[in-house]
J.: 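Below you will find the structure I want to go over with you.
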Amino acid sequence: MAAASGSVLQRCIVSPTGRHSASLIFLHGSGDSGQRLRMWIKQVLNQDLTFQHIKIIYPTAPPSVFLLLGGFSMGGCMAMHLAYRNHQDVAGVFALSSFLNKASAVYQALQKNNDVLPELFQCHGTADELVLHSWAEETNAMLKSLGVTTKFHSFPDVYHELSKPELDKLKLWILTKLPREMEKQQ
(Lines give C-alpha, C1' and ligand atoms only; values in the text may rest on other atoms or scores of the structure.)
Protein backbone atom coordinates (compact mmCIF):
# COMPACT_ATOMS: atom_id res chain seq x y z
CA MET A 1 0.00 0.00 0.00
CA ALA A 2 1.37 3.43 -0.86
CA ALA A 3 1.04 6.38 1.47
CA ALA A 4 0.20 9.87 0.26
CA SER A 5 3.88 10.79 0.38
CA GLY A 6 4.67 7.93 -1.97
CA SER A 7 6.53 5.91 0.66
CA VAL A 8 5.72 2.25 1.05
CA LEU A 9 4.16 1.29 4.36
CA GLN A 10 5.31 -1.86 6.08
CA ARG A 11 2.75 -4.37 7.19
CA CYS A 12 2.51 -4.07 10.93
CA ILE A 13 1.39 -7.38 12.38
CA VAL A 14 2.18 -9.12 15.64
CA SER A 15 1.83 -12.86 15.19
CA PRO A 16 0.38 -15.03 17.94
CA THR A 17 2.85 -17.03 20.01
CA GLY A 18 0.82 -20.20 19.45
CA ARG A 19 -1.85 -21.43 17.03
CA HIS A 20 -3.66 -18.50 15.34
CA SER A 21 -7.40 -18.73 16.00
CA ALA A 22 -8.44 -15.06 16.31
CA SER A 23 -7.47 -11.60 15.09
CA LEU A 24 -7.57 -8.10 16.54
CA ILE A 25 -7.44 -4.92 14.46
CA PHE A 26 -6.01 -2.07 16.55
CA LEU A 27 -6.72 1.31 14.91
CA HIS A 28 -4.46 4.33 15.39
CA GLY A 29 -5.53 7.89 16.12
CA SER A 30 -5.69 10.85 13.76
CA GLY A 31 -2.33 11.70 12.21
CA ASP A 32 -0.65 8.56 13.55
CA SER A 33 0.31 5.25 11.95
CA GLY A 34 -0.05 1.60 12.79
CA GLN A 35 3.71 1.25 13.23
CA ARG A 36 3.90 4.17 15.67
CA LEU A 37 0.93 2.85 17.66
CA ARG A 38 2.65 -0.53 17.98
CA MET A 39 5.88 1.16 19.12
CA TRP A 40 3.96 3.23 21.68
CA ILE A 41 2.33 0.10 23.12
CA LYS A 42 5.76 -1.58 23.24
CA GLN A 43 7.11 1.40 25.21
CA VAL A 44 4.26 1.26 27.71
CA LEU A 45 4.39 -2.52 28.19
CA ASN A 46 8.16 -2.92 27.63
CA GLN A 47 7.20 -5.55 25.04
CA ASP A 48 4.75 -6.16 22.21
CA LEU A 49 1.12 -6.71 23.06
CA THR A 50 0.96 -10.45 22.35
CA PHE A 51 -1.42 -13.32 22.87
CA GLN A 52 -1.00 -17.03 22.33
CA HIS A 53 -3.87 -17.31 19.84
CA ILE A 54 -4.50 -13.74 18.58
CA LYS A 55 -2.86 -12.03 15.61
CA ILE A 56 -2.79 -8.25 16.08
CA ILE A 57 -2.98 -6.06 13.00
CA TYR A 58 -2.05 -2.38 13.20
CA PRO A 59 -3.19 -0.90 9.87
CA THR A 60 -2.11 2.53 8.73
CA ALA A 61 -4.93 4.50 7.20
CA PRO A 62 -3.95 6.65 4.19
CA PRO A 63 -5.68 9.99 3.67
CA SER A 64 -9.35 9.16 4.26
CA VAL A 65 -10.46 10.04 0.71
CA PHE A 66 -8.56 6.90 -0.34
CA LEU A 67 -10.27 4.70 2.22
CA LEU A 68 -13.38 2.54 1.86
CA LEU A 69 -15.15 0.93 4.79
CA GLY A 70 -17.38 -2.08 4.46
CA GLY A 71 -18.30 -5.56 5.43
CA PHE A 72 -20.70 -8.46 5.37
CA SER A 73 -23.67 -8.73 7.75
CA MET A 74 -22.65 -7.23 11.12
CA GLY A 75 -19.42 -6.04 9.47
CA GLY A 76 -21.46 -3.89 7.09
CA CYS A 77 -23.50 -2.53 9.98
CA MET A 78 -20.30 -1.62 11.83
CA ALA A 79 -18.93 0.08 8.71
CA MET A 80 -22.08 2.20 8.37
CA HIS A 81 -21.86 3.22 12.03
CA LEU A 82 -18.18 4.09 11.77
CA ALA A 83 -18.50 6.04 8.55
CA TYR A 84 -21.76 7.90 9.06
CA ARG A 85 -21.28 8.69 12.74
CA ASN A 86 -17.54 9.33 12.98
CA HIS A 87 -15.69 9.32 9.64
CA GLN A 88 -17.86 10.98 7.05
CA ASP A 89 -14.75 11.86 5.03
CA VAL A 90 -14.12 8.31 3.75
CA ALA A 91 -14.43 7.61 0.02
CA GLY A 92 -17.36 5.24 0.45
CA VAL A 93 -19.09 2.52 2.43
CA PHE A 94 -20.25 -0.94 1.38
CA ALA A 95 -22.72 -3.13 3.25
CA LEU A 96 -23.41 -6.67 2.07
CA SER A 97 -26.41 -8.45 3.63
CA SER A 98 -26.53 -5.73 6.30
CA PHE A 99 -29.06 -3.39 7.85
CA LEU A 100 -29.51 -0.75 10.56
CA ASN A 101 -32.33 -1.01 13.07
CA LYS A 102 -35.14 1.56 12.93
CA ALA A 103 -33.83 3.52 15.92
CA SER A 104 -30.18 3.42 14.83
CA ALA A 105 -27.82 6.05 16.20
CA VAL A 106 -26.64 6.47 12.59
CA TYR A 107 -29.97 8.05 11.64
CA GLN A 108 -29.83 10.35 14.65
CA ALA A 109 -26.29 11.46 13.75
CA LEU A 110 -27.22 12.14 10.13
CA GLN A 111 -30.23 14.27 11.11
CA LYS A 112 -27.76 16.81 12.54
CA ASN A 113 -25.40 16.61 9.55
CA ASN A 114 -24.97 19.13 6.76
CA ASP A 115 -21.76 17.72 5.23
CA VAL A 116 -21.32 15.70 2.05
CA LEU A 117 -21.64 12.05 2.97
CA PRO A 118 -19.82 9.02 1.60
CA GLU A 119 -21.72 6.97 -0.95
CA LEU A 120 -23.23 3.67 0.20
CA PHE A 121 -22.97 0.55 -1.96
CA GLN A 122 -25.42 -2.02 -0.66
CA CYS A 123 -26.16 -5.58 -1.84
CA HIS A 124 -28.69 -8.04 -0.48
CA GLY A 125 -30.09 -11.42 -1.41
CA THR A 126 -33.86 -11.63 -1.82
CA ALA A 127 -33.92 -15.09 -0.17
CA ASP A 128 -32.00 -13.99 2.95
CA GLU A 129 -33.93 -15.35 5.94
CA LEU A 130 -31.47 -14.18 8.60
CA VAL A 131 -31.32 -10.49 7.62
CA LEU A 132 -34.48 -9.81 5.65
CA HIS A 133 -34.22 -8.08 2.28
CA SER A 134 -36.91 -5.63 3.40
CA TRP A 135 -34.73 -4.54 6.34
CA ALA A 136 -31.90 -3.67 3.94
CA GLU A 137 -34.33 -1.79 1.69
CA GLU A 138 -35.61 0.20 4.70
CA THR A 139 -32.05 1.00 5.73
CA ASN A 140 -31.24 2.18 2.22
CA ALA A 141 -34.37 4.33 1.96
CA MET A 142 -33.76 5.92 5.36
CA LEU A 143 -30.13 6.73 4.58
CA LYS A 144 -31.14 8.14 1.21
CA SER A 145 -33.75 10.37 2.90
CA LEU A 146 -30.97 11.67 5.18
CA GLY A 147 -28.73 12.72 2.29
CA VAL A 148 -26.66 9.61 1.55
CA THR A 149 -26.17 8.77 -2.12
CA THR A 150 -26.87 5.05 -2.41
CA LYS A 151 -26.55 2.19 -4.84
CA PHE A 152 -28.75 -0.80 -3.90
CA HIS A 153 -28.49 -4.16 -5.66
CA SER A 154 -30.85 -7.08 -5.05
CA PHE A 155 -29.79 -10.62 -5.90
CA PRO A 156 -32.61 -13.11 -6.52
CA ASP A 157 -32.37 -16.48 -4.78
CA VAL A 158 -29.32 -15.44 -2.73
CA TYR A 159 -29.52 -16.26 0.98
CA HIS A 160 -27.35 -14.80 3.77
CA GLU A 161 -24.21 -15.44 1.79
CA LEU A 162 -21.86 -13.89 -0.74
CA SER A 163 -22.38 -14.53 -4.43
CA LYS A 164 -20.06 -14.10 -7.40
CA PRO A 165 -22.35 -11.56 -9.17
CA GLU A 166 -22.48 -9.52 -5.96
CA LEU A 167 -18.70 -9.55 -5.51
CA ASP A 168 -18.21 -8.69 -9.20
CA LYS A 169 -20.43 -5.60 -8.76
CA LEU A 170 -18.57 -4.70 -5.56
CA LYS A 171 -15.21 -4.95 -7.34
CA LEU A 172 -16.40 -2.57 -10.07
CA TRP A 173 -17.70 -0.09 -7.49
CA ILE A 174 -14.42 -0.27 -5.55
CA LEU A 175 -12.49 0.56 -8.72
CA THR A 176 -14.73 3.58 -9.40
CA LYS A 177 -14.04 4.86 -5.89
CA LEU A 178 -10.34 3.98 -5.80
CA PRO A 179 -9.09 3.98 -9.38
CA ARG A 180 -5.51 2.97 -10.14
CA GLU A 181 -4.73 6.52 -11.31
CA MET A 182 -4.91 7.68 -7.69
CA GLU A 183 -1.40 6.25 -7.16
CA LYS A 184 -0.06 8.60 -9.84
CA GLN A 185 -1.92 11.60 -8.33
CA GLN A 186 -0.19 11.04 -5.00
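Atom set for the values below is all heavy atoms of this structure, side chains included, hydrogens, waters and symmetry mates excluded.
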J.: Are any non-hydrogen side-chain atoms of Q122 and T150 less than 4.5 angstrom apart?
T.: no
J.: Do V148 and L110 make a side-chain contact, defined as non-hydrogen atoms from C-beta onward lying under 4.5 Å apart?
T.: yes
J.: Compare every heavy atom of T176 with every heavy atom of W173, then report the nearest pair and how far apart it is.
T.: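 The pair with the smallest heavy-atom distance is O-OG1, 2.6 Å.
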J.: Do L68 and V93 pass the side-chain contact (heavy atoms from CB on, under 4.5 Å) test, and can you show the C-alpha distance, the side-chain angles, and the key distance before you say yes or no?
T.: CA-CA 6 Å; L68 296 175; V93 181; over 6 Å; no
J.: Report yes or no: does Y84 contribute a side-chain atom to a donor-acceptor pair with the main-chain N or O of P118 at less than 3.5 Å?
T.: yes
J.: Considering non-hydrogen atoms only, spot the tightest contact between K169 and F155 and give its length.
T.: CD-CZ, 3.9 Å
J.: Roughly how far, to the nearest 0.5 Å, is the OG atom of S15 from the NZ atom of K55?
T.: 6.5 Å
J.: Can the ring centroids of F152 and H133 be said to lie less than 6.0 angstrom from one another?
T.: yes
J.: What about L167 and I174, same hydrophobic cluster or not, with Ile/Leu/Val/Met/Phe/Trp/Tyr joined at side-chain heavy-atom distances under 4.5 Å?
T.: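 Linked within one cluster.
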J.: Applying a strict under-4.5 Å side-chain criterion to I, L, V, M, F, W and Y, I'd like to know whether L120 and L69 cluster together.
T.: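 They do share one cluster, since a chain of ILVMFWY contacts under 4.5 Å joins L120 to L69.
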J.: Does the side-chain contact (heavy atoms from CB on, under 4.5 Å) test come out yes or no for F51 and V14, once each step is laid out?
T.: CA-CA 9 Å; F51 299 90; V14 177; over 6 Å; no
J.: If you round to the nearest 0.5 Å, how far is CE of M39 from SG of C12?
T.: 9.0 Å
J.: With a 4.5 Å heavy-atom cut-off, do Q111 and L146 have their side chains touching?
T.: yes
J.: Flag yes if L45 and I56 sit in one hydrophobic cluster, no otherwise; membership is Ile, Leu, Val, Met, Phe, Trp, Tyr, and two members link when side-chain heavy atoms are under 4.5 Å apart.
T.: yes
J.: Taking side chain as C-beta onward, heavy atoms only, is F26 less than 4.5 Å from L37?
T.: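 A side-chain contact exists here, since the closest heavy-atom pair is under 4.5 Å.
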J.: Taking the side chain as everything from C-beta on, heavy atoms only, tell me whether L24 gets closer than 4.5 Å to I57.
T.: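 Answer no - side chains too far apart.
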J.: Within the 4.5 Å heavy-atom criterion, are H153 and E166 side-chain neighbours or not?
T.: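 Heavy-atom side-chain distance check fails, nothing below 4.5 Å.
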J.: Is the side chain of H20 donor-acceptor paired with the backbone N or O of A22 at a distance under 3.5 Å, no angle test?
T.: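 The answer is yes, because a donor-acceptor pair under 3.5 Å joins these two groups.
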J.: Side-chain heavy atoms under 4.5 Å apart, restricted to Ile/Leu/Val/Met/Phe/Trp/Tyr: what other residues fall into the cluster of V131, or is it alone?
T.: F99, L130, L132, W135
J.: Please report the interatomic distance NZ(K42) to CG(L49), rounded to the nearest 0.5 Å.
T.: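 One gets 11.5 Å once the value is rounded to the nearest 0.5 Å.
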J.: What distance do E138 atom CD and L100 atom CG have between them, rounded to the nearest 0.5 Å?
T.: 11.0 Å
J.: Contact between S104 and M80 at the side-chain level, heavy atoms closer than 4.5 Å - yes or no?
T.: no
J.: Just how far is it from atom CG of L172 to atom CZ of F121, taken to the nearest 0.5 Å?
T.: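 So the CG of L172 and the CZ of F121 are separated by 8.0 Å.
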J.: Is it the case that D128 and H160 place a side-chain donor and acceptor less than 3.5 Å from each other?
T.: yes
J.: Can you hop from L67 to L82 via hydrophobic side chains spaced under 4.5 Å?
T.: yes
J.: Do D32 and Y58 make a side-chain contact, defined as non-hydrogen atoms from C-beta onward lying under 4.5 Å apart?
T.: no
J.: Do any pairs count as a side chain to side chain donor-acceptor pair (under 3.5 Å) and have a residue in residues 91-102, sequence neighbours left out, and if so which ones?
T.: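 Qualifying pairs, neighbours excluded: none.
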J.: Can you get from M142 to L117 by hopping between Ile, Leu, Val, Met, Phe, Trp and Tyr side chains that sit under 4.5 Å apart?
T.: yes
J.: Do the side chain of N113 and the main chain of D115 share a donor and acceptor less than 3.5 angstrom apart?
T.: yes
J.: Under a 3.5 Å cutoff, is there a donor and acceptor pairing between the side chains of H124 and S154?
T.: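 The criterion, which ignores hydrogens and geometry beyond distance, is not satisfied for S154 and H124.
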J.: Can you give me the closest heavy-atom contact between T17 and Q52, atom names plus distance?
T.: OG1-CA, 3.0 Å
J.: Which atoms form the tightest heavy-atom contact between R85 and Q88, and what is the distance?
T.: N-NE2, 4.5 Å
J.: Give, for atom OG1 of T60 and atom CD of Q35, the distance between the pair rounded to the nearest 0.5 Å.
T.: 7.5 Å
J.: To check you understand the geometry: which heavy-atom pair defines the closest contact between P156 and T126, and what is its length?
T.: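 Closest approach of P156 to T126: CA-OG1, 3.2 Å.
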